[in-house]
Chemist: 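Here it is: the structure, laid out below.
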Amino acid sequence: FQITDVTSPEDVTEPLFEGFGVDQAVLNVLHPGDAVLKTQRGLEETRALNDWLLDTMLDPDEGLYGLIHLAIRDPDHAAEEIDRLADEEAFVGGFFTLGQEFAPPAGDPTLDVVHRALERHDLPAVYHITGIHRKARILRQLEKVSAWHATGPAWAAQLALTNLILQGVPEKFPGLDLVLLEGGIGWVPGWIGRLNREYSQWRSELPLLEKSPEKYIRESVYFGTQPLPEFENPEHMANTIDMIGADSLMFATDHPHYDFDHPSAMDKFLRNFEDADRERVLAGNARDVFGLE
């Protein structure tokens with residue numbers, strides 16, 4: 001895939017702020033911390049990336065914020081990075097790159113120390129869905145890019161949400177907001193119902209859960225909208241938004257990746273909703289979760 005190089009703040013502000021009408025942006029980078037073979041190298045590269053973002057790309061006065069990148073192969077190191085950078089105004093959350101070779105599942109109890117550190121600093125946990133084909137051999141057997149690209153992100157997002165909820169992360173850390181990126185949203189309503197059903201049938205297996213998965217999801221989980229589904233009937237998109245709820249959706253563009261979403265792609269589906277709901281999806285939820293001015 002051809003991805004435009006982003007090496008300076010202007011590479012973000014010109015297309016997004018001037019071209020798309022964006023006022024504030026939260027930046028992230030797909031980093032190799034949980035993918036490289038050597039653990040120490042992965043940890044050092046993750047720390048170097050955070051320093052580069054802070055020194056080069058981020059500027060709250062210009063509306064440019066970022067996420068603390070975390071190498072979760074070493075949860076203690078990830079918690080130390082949070083403690084090291086949490087007081088920097090430019091960093092507004094912790095960034096997990098799921099699906100990499102050495103990354104544990106999103107809700108794994110070994111990551112409690114990471115989630116606890118984020119909750120302590122009032123920062124959200126942001127999970128990027130990528131690289132699941134490296135672990136899921138069946139995806140590597142698909143012959144076409146379109147096949148695994150259609151399947152992998154949504155599947156990885158389902159795995160992450162299922163693991164976070166059924167491992168009781170929202171129960172253990174009730175003050176922690178959870179954000180799923182790049183898994184799409186078309187699958188979300190059906191998966192909420194599926195988790196509710198499993199909860200009703202396997203209560204003895206889930207002693208940490210004191211309420212239904214749906215309640216935890218609606219209270220703690222936000223879904224980045226990218227990549228938007230493209231139904232032939234636009235009413236189906238409106239129904240999807242309505243079932244998930246405007247309070248749980250957060251506009252994401254994924255620019256400059258080739259399949260990014262322009263804000264107008266989301267806004268055209270929101271024009272039939274109340275102004276307050278439209279504002280929540282396009283800006284308000286992100287302001288609240290990331291603590292933006």
Chemist: With sequence neighbours excluded, give me every ring pair (Phe, Tyr, Trp, His ring centres under 6.0 Å) pair touching residues 264-293.
Modeler: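 The answer is none; no pair qualifies.
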Chemist: Is Leu98 reachable from Val169 through a run of I, L, V, M, F, W or Y residues, each pair having side-chain heavy atoms under 4.5 Å apart?
Modeler: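 Yes: a chain of side-chain contacts under 4.5 Å links Val169 to Leu98.
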Chemist: Report yes if some heavy atom in the side chain of Leu43 is under 4.5 Å from a heavy atom in the side chain of Arg73; otherwise report no.
Modeler: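 Yes; the side chains approach each other to less than 4.5 Å.
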Chemist: For residues 18-51, which residue pairs qualify under ring pair (Phe, Tyr, Trp, His ring centres under 6.0 Å), counting only residues two or more places apart or in two chains?
Modeler: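 The answer is Phe20-His255, Phe20-Phe260, Phe20-His262, His31-His69.
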Chemist: Mark yes or no for whether Asp254, through its side chain, and His257, through its backbone, hold a donor-acceptor pair below 3.5 Å.
Modeler: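 Judged by distance alone, no pair lies under 3.5 Å.
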Chemist: Check whether any side-chain heavy atom of Pro9 sits under 4.5 Å from a side-chain heavy atom of Glu62, and report yes or no.
Modeler: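 A side-chain contact is absent here, since even the closest heavy-atom pair is not under 4.5 Å.
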Chemist: Do any pairs count as a salt bridge (Lys or Arg N to Asp or Glu O under 4.0 Å) and have a residue in residues 88-106, sequence neighbours left out, and if so which ones?
Modeler: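 Every pair satisfying salt bridge (Lys or Arg N to Asp or Glu O under 4.0 Å) with a residue in residues 88-106: Glu101-Arg134.
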Chemist: Take Asp275 and Arg278, measure what salt bridge (Lys or Arg N to Asp or Glu O under 4.0 Å) needs, and give me the verdict at the end.
Modeler: CA-CA 5 Å; Asp275 287 345; Arg278 177 173 176 261; 5.3 Å; no
Chemist: Give the minimum heavy-atom separation between Ala252 and Leu181, together with the two atoms involved.
Modeler: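 It is CB-CD2, 4.5 Å.
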Chemist: Is there a path of hydrophobic side-chain contacts, each under 4.5 Å between heavy atoms of I, L, V, M, F, W or Y residues, that connects Leu27 with Leu54?
Modeler: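 In one cluster with Leu27: Leu54, yes.
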Chemist: As an exercise, state the distance from CG of Leu16 to CD of Gln24, rounded to the nearest 0.5 Å.
Modeler: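 Reported to 0.5 Å precision, the distance equals 12.5 Å.
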Chemist: Going by salt bridge (Lys or Arg N to Asp or Glu O under 4.0 Å), name the pairs with one or both residues in residues 190-205, residues two or more places apart or in two chains.
Modeler: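 Every pair satisfying salt bridge (Lys or Arg N to Asp or Glu O under 4.0 Å) with a residue in residues 190-205: Arg194-Glu198.
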Chemist: Do the side chains of Leu30 and Val6 join up, straight or via other hydrophobic residues, at under 4.5 Å, putting them in one cluster?
Modeler: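 Each belongs to a different hydrophobic cluster.
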Chemist: For a 4.5 angstrom cut-off between non-hydrogen side-chain atoms, does Leu178 reach Pro170?
Modeler: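 Yes, their side chains come closer than 4.5 Å.
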Chemist: Specify the closest pair of heavy atoms between Ala71 and Ala78, including all atoms of both residues, with the distance to one decimal.
Modeler: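 Heavy atoms of Ala71 and Ala78 come nearest at O-CB, 4.0 Å.
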Chemist: Just how far is it from atom CG of Leu195 to atom CD of Gln158, taken to the nearest 0.5 Å?
Modeler: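 Between atom CG of Leu195 and atom CD of Gln158 there are 9.0 Å.
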Chemist: Is Asp267 close to Phe251 at the side-chain level, that is, under 4.5 Å between some pair of heavy atoms?
Modeler: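 No; the side chains remain at least 4.5 Å from each other.
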Chemist: Considering non-hydrogen atoms only, spot the tightest contact between Ala160 and Leu180 and give its length.
Modeler: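 For Ala160 and Leu180, the tightest heavy-atom pair comes out as CB-CD2, 4.0 Å.
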Chemist: With rounding to the nearest 0.5 angstrom, report the CG to CG distance, Asp177 to Leu118.
Modeler: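 Going from CG on Asp177 over to CG on Leu118, the span is 10.5 Å.
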Chemist: Checking Glu210 now: which residues fulfil side-chain contact (heavy atoms from CB on, under 4.5 Å) with it, not counting sequence neighbours?
Modeler: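 If we apply the side-chain contact (heavy atoms from CB on, under 4.5 Å) test to Glu210, skipping adjacent residues, the hits are Glu171, Tyr216.
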Chemist: Under the salt bridge (Lys or Arg N to Asp or Glu O under 4.0 Å) rule, what pairs show up with a residue in residues 9-38, not counting sequence neighbours?
Modeler: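 Found none.
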Chemist: How long is the span from the CD atom in Glu44 to the NE2 atom in His77, to the nearest 0.5 Å?
Modeler: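 If I round to the nearest 0.5 Å, the distance is 8.0 Å.
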Chemist: Would you sort out whether Leu67 and Phe96 count as a side chain to side chain contact (heavy atoms under 4.5 Å, CB included), showing the intermediate values?
Modeler: CA-CA 9 Å; Leu67 303 174; Phe96 300 71; over 6 Å; no
Chemist: Distance-only, no hydrogens or angles: does the Asn163 side chain make a donor-acceptor pair with backbone N or O of Gly107 under 3.5 Å?
Modeler: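 Yes; at least one donor-acceptor contact below 3.5 Å.
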Chemist: Around atom CD of Glu143, are there more than 12 heavy atoms from other residues, nucleotides or ligands closer than 6.0 Å?
Modeler: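 No.
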Chemist: Without swapping roles, check the side chain of Gln226 against the backbone of Asp259 for a donor-acceptor pair under 3.5 Å.
Modeler: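 Yes, the answer is positive, given that a donor and an acceptor are paired below the 3.5 Å cut-off.
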Chemist: Would you find a donor on one side and an acceptor on the other, under 3.5 Å apart, between the side chain of Asn196 and the backbone of Lys215?
Modeler: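 Not at all, since once roles are kept as given, no pair shorter than 3.5 Å links the two residues.
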Chemist: Do you know the tightest heavy-atom contact between Ile244 and Ile185?
Modeler: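 Shortest heavy-atom separation between Ile244 and Ile185 comes out as CD1-O, 3.5 Å.
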Chemist: Report the C-alpha separation of Asp247 and Arg218 in whole Å, then their side-chain angles, then the decisive distance to 0.1 Å, and conclude whether the salt bridge (Lys or Arg N to Asp or Glu O under 4.0 Å) test is met.
Modeler: CA-CA 8 Å; Asp247 289 341; Arg218 297 198 182 279; over 6 Å; no
Chemist: Mind checking whether Glu219 and Lys211 have side chains closer than 4.5 Å, heavy atoms only?
Modeler: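 Yes. Closest side-chain heavy atoms under 4.5 Å.
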Chemist: Would you kindly confirm whether Leu64 and Val126 end up in one hydrophobic cluster when ILVMFWY residues are joined by side chain heavy atoms under 4.5 Å apart?
Modeler: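 Cluster IDs for Leu64 and Val126 differ.
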Chemist: Return each pair, listed once, that meets salt bridge (Lys or Arg N to Asp or Glu O under 4.0 Å) where at least one residue sits in residues 284-293; pairs must be two or more places apart or across chains.
Modeler: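 Listed once each, the pairs are Glu279-Arg287.
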Chemist: Which residues pass the side-chain contact (heavy atoms from CB on, under 4.5 Å) test with Pro32, sequence neighbours left out?
Modeler: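 Once residues adjacent in sequence are excluded, the partners of Pro32 under the side-chain contact (heavy atoms from CB on, under 4.5 Å) criterion are Val36, Glu45.
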Chemist: Would you say Thr46's side chain and Leu70's backbone share a donor-acceptor pair under 3.5 angstrom?
Modeler: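 Flag not set: sc Thr46 to bb Leu70 has no pair under 3.5 Å.
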Chemist: Please list, chain by chain and in numerical order, all residues satisfying side chain to side chain donor-acceptor pair (under 3.5 Å) with Asp51, sequence neighbours excluded.
Modeler: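 So Asp51 forms a side chain to side chain donor-acceptor pair (under 3.5 Å) with Arg84.
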Chemist: Quick one: CG on Asp59 to OG1 on Thr13, what's the gap to the nearest 0.5 Å?
Modeler: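 Taking CG in Asp59 and OG1 in Thr13, the distance rounds to 10.0 Å.
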Chemist: Does anything in residues 107-127 pair up under side chain to side chain donor-acceptor pair (under 3.5 Å), and if so which pairs, sequence neighbours excluded?
Modeler: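 Of all non-adjacent pairs touching residues 107-127, those that pass side chain to side chain donor-acceptor pair (under 3.5 Å) are Asp83-Arg120, Asp83-His121, Asp108-Thr110, Asp112-Lys172, His115-Tyr127.
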Chemist: Going through the checks in order, is the side chain to side chain contact (heavy atoms under 4.5 Å, CB included) test met by Tyr222 and Leu249?
Modeler: CA-CA 6 Å; Tyr222 296 82; Leu249 291 173; over 6 Å; no
Chemist: If every non-hydrogen atom of Tyr65 is compared with every non-hydrogen atom of Val92, which pair is closest and at what distance?
Modeler: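 Between these two residues, the closest heavy atoms are CD2-CG1, 3.7 Å.
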Chemist: Taking side chain as C-beta onward, heavy atoms only, is Leu111 less than 4.5 Å from Pro104?
Modeler: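 Counting from C-beta outward, Leu111 and Pro104 do come under 4.5 Å.
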Chemist: If you define the side chain from C-beta out and look only at heavy atoms, does anything of Ile217 sit under 4.5 Å from Ser248?
Modeler: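 They are not in side-chain contact.
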Chemist: Is Leu37 isolated, or which residues cluster with it under the ILVMFWY side-chain rule of less than 4.5 Å, directly or via members?
Modeler: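 Its cluster partners, ordered by chain and number, are Phe102.
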Chemist: Determine whether Leu123 and Ile68 satisfy the following criterion, side chain to side chain contact (heavy atoms under 4.5 Å, CB included), listing intermediate values before the conclusion.
Modeler: CA-CA 10 Å; Leu123 295 173; Ile68 302 170; 4.2 Å; yes
Chemist: Tell me, with the steps shown, if Trp202 and Leu209 meet side chain to side chain contact (heavy atoms under 4.5 Å, CB included).
Modeler: CA-CA 11 Å; Trp202 298 93; Leu209 274 60; over 6 Å; no
Chemist: Are the side chain of Asp277 and the backbone N or O of Ala246 linked by a donor-acceptor pair below 3.5 Å?
Modeler: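 Judged by distance alone, no pair lies under 3.5 Å.
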Chemist: On a heavy-atom basis, which atom in Trp148 and which in Leu139 lie closest, and how many Å separate them?
Modeler: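 Nearest heavy atoms, Trp148 then Leu139: CB-O, 3.9 Å.
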Chemist: At what distance, to the nearest 0.5 angstrom, does CG of Leu270 lie from CD1 of Ile241?
Modeler: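 If we round to the nearest 0.5 Å, Leu270:CG and Ile241:CD1 are 5.0 Å apart.
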Chemist: Please collect all side chain to side chain donor-acceptor pair (under 3.5 Å) contacts where either partner lies in residues 228-244, sequence neighbours excluded, each pair once.
Modeler: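 Qualifying pairs, neighbours excluded: none.
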Chemist: Is the shortest heavy-atom distance from the side chain of Trp187 to the side chain of Leu161 under 4.5 Å?
Modeler: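 SC-SC contact between Trp187 and Leu161 confirmed.
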Chemist: When you group the ILVMFWY residues by side-chain heavy-atom contacts below 4.5 Å and let the links chain together, are Ile165 and Met243 in the same group?
Modeler: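 No.
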